[in-house]
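Note that the structure is predicted; figures quoted are calculated from it, not measured.
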Amino acid sequence: LSIILDQVDTWEAKYVFGLLDDEVCADIISNLDEDKRENFVKAFSAEELAVYIEHTDSDDAVDILNQQEIKFREEVIALLKDQEKANHIIDLMHYDEDCAGGLMAKEFIKANIHWNIKECIEEIRRQGEKVEKVLTVYVVDDNDILVGRVSLKEIILAKD
């Protein structure tokens with residue numbers, strides 16, 4: 001199927017995806033050449049891609065998401081229904097695939113759902129030293145399960 005989809009334009013391929021099982025589509029996306037996958041995935045909304053990511057191994061999901069704009073991949077992760085998988089993907093995104101699991105600068109800031117704005121900002125400052133860009137804060141519960149996300153703008157404008 002990957003070879004056939006390679007022969008048609010993106011919108012025709014997306015139409016075919018609509019006819020296939022989500023797991024089959026996830027497998028196809030995972031096995032596409034990186035350059036083709038990057039362009040093909042741009043045809044999907046965050047909601048659509050999240051459905052396929054749900055059926056993708058976490059390491060493949062990281063490869064797919066790392067090809068996307070930061071804001072888009074954050075949206076996809078936030079839309080995942082399997083919070084354990086979302087947390088696993090976030091954890092894996094912290095590792096450079098070329099360094100055998102070597103820790104990279106973290107790309108995500110997380111805060112506990114019970115913290116007030118002041119505590120959240122203090123945590124952003126603490127974790128921010130290891131983060132190149134802070135755009136979104138991931139909100140987790142007491143069990144470190146992802147419950148949502150908040151933009152930096154929302155945090156800055158919030159009243160405590």
Does any non-hydrogen side-chain atom of [Y] lie less than 4.5 Å from one of [X]?
| X | Y | result |
| --- | --- | --- |
| Leu20 | Ile28 | yes |
| Asp63 | Gln67 | no |
| Ile53 | Ile29 | no |
| Tyr138 | Ile109 | no |
| Lys110 | Val137 | no |

Members besides Tyr15 in its Ile/Leu/Val/Met/Phe/Trp/Tyr cluster (side-chain heavy atoms under 4.5 Å):
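Its cluster partners, ordered by chain and number, are Leu19.
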Would you compute the distance between atom [atom1] of [X] and atom [atom2] of [Y] and round it to the nearest 0.5 angstrom?
| X | Y | atom1 | atom2 | result |
| --- | --- | --- | --- | --- |
| Phe40 | Leu32 | CZ | CG | 6.5 Å |
| Ser45 | Glu75 | OG | CD | 9.0 Å |
| Thr136 | Ile70 | OG1 | CD1 | 9.0 Å |

Go through Val139 and Arg149 one step at a time and tell me if the side-chain contact (heavy atoms from CB on, under 4.5 Å) criterion holds.
CA-CA 5 Å; Val139 182; Arg149 65 185 181 98; 5.8 Å; no
Grouping I, L, V, M, F, W and Y whenever their side-chain heavy atoms are under 4.5 Å apart, do [X] and [Y] come out in a common cluster?
| X | Y | value |
| --- | --- | --- |
| Ile156 | Ile117 | yes |
| Leu65 | Leu80 | yes |
| Val150 | Ile113 | yes |
| Leu49 | Leu92 | yes |

In this structure, which one of Ile89, Val76, Thr56 forms a side-chain contact (heavy atoms from CB on, under 4.5 Å) with Ile64?
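Result: among Ile89, Val76, Thr56, Thr56 is the only option passing the side-chain contact (heavy atoms from CB on, under 4.5 Å) with Ile64.
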Closest heavy-atom pair and its distance - [X], [Y]:
| X | Y | answer |
| --- | --- | --- |
| Val147 | Gln83 | N-OE1, 4.2 Å |
| Leu79 | Glu54 | O-OE2, 4.4 Å |
| Arg73 | Asn66 | NH1-OD1, 3.3 Å |

When you look at Lys118 and Ile121, which way does the side-chain contact (heavy atoms from CB on, under 4.5 Å) test go after all the steps?
CA-CA 5 Å; Lys118 182 179 178 189; Ile121 290 173; 5.9 Å; no
Residue pairs fulfilling ring pair (Phe, Tyr, Trp, His ring centres under 6.0 Å) with at least one residue in residues 65-88, sequence neighbours excluded:
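Sorted pair list comes back empty.
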List the residues meeting side-chain contact (heavy atoms from CB on, under 4.5 Å) with Glu84, not counting sequence neighbours, and say none if there are none.
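Glu84 satisfies side-chain contact (heavy atoms from CB on, under 4.5 Å) with Asp82 once adjacent residues are dropped.
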Among all residues two or more places apart in sequence or in another chain, which pass the side-chain contact (heavy atoms from CB on, under 4.5 Å) test with Asn39?
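For Asn39 the side-chain contact (heavy atoms from CB on, under 4.5 Å) partners, ignoring immediate neighbours, are Lys42.
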Which residues pass the salt bridge (charged side-chain N to carboxylate O under 4.0 Å, His left out) test with Glu48, not counting sequence neighbours?
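Listed in chain order: Lys14.
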Can you sort out the partners of Lys85 under salt bridge (charged side-chain N to carboxylate O under 4.0 Å, His left out), two or more places apart, ordered by chain and number?
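Residues passing salt bridge (charged side-chain N to carboxylate O under 4.0 Å, His left out) with Lys85: none at all.
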Verdict with supporting geometry, Glu74 and Lys71, salt bridge (Lys or Arg N to Asp or Glu O under 4.0 Å)
CA-CA 5 Å; Glu74 289 175 347; Lys71 185 175 179 173; over 6 Å; no
Are Asp142 and Asn112 linked by a side-chain donor-acceptor pair shorter than 3.5 Å?
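Present: a donor and an acceptor within the cut-off.
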For a quick check under 3.5 Å, do Asn87 and Asp91 share a side-chain donor-acceptor pair by atom type?
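There is no such pair between these side chains.
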Glu154 side chain to Ser151 backbone, donor-acceptor under 3.5 Å:
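Here the side-chain-to-backbone pair exists.
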Under a 4.0 Å N-O cut-off, is there an ion pair linking Arg125 with Glu122?
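Looking at Arg125 and Glu122, the cut-off is not met.
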Look at the aromatic rings of Tyr52 and Phe17 and report parallel, tilted or perpendicular, splitting at 30° and 60°.
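If you compare the ring of Tyr52 with that of Phe17, the planes turn out perpendicular.
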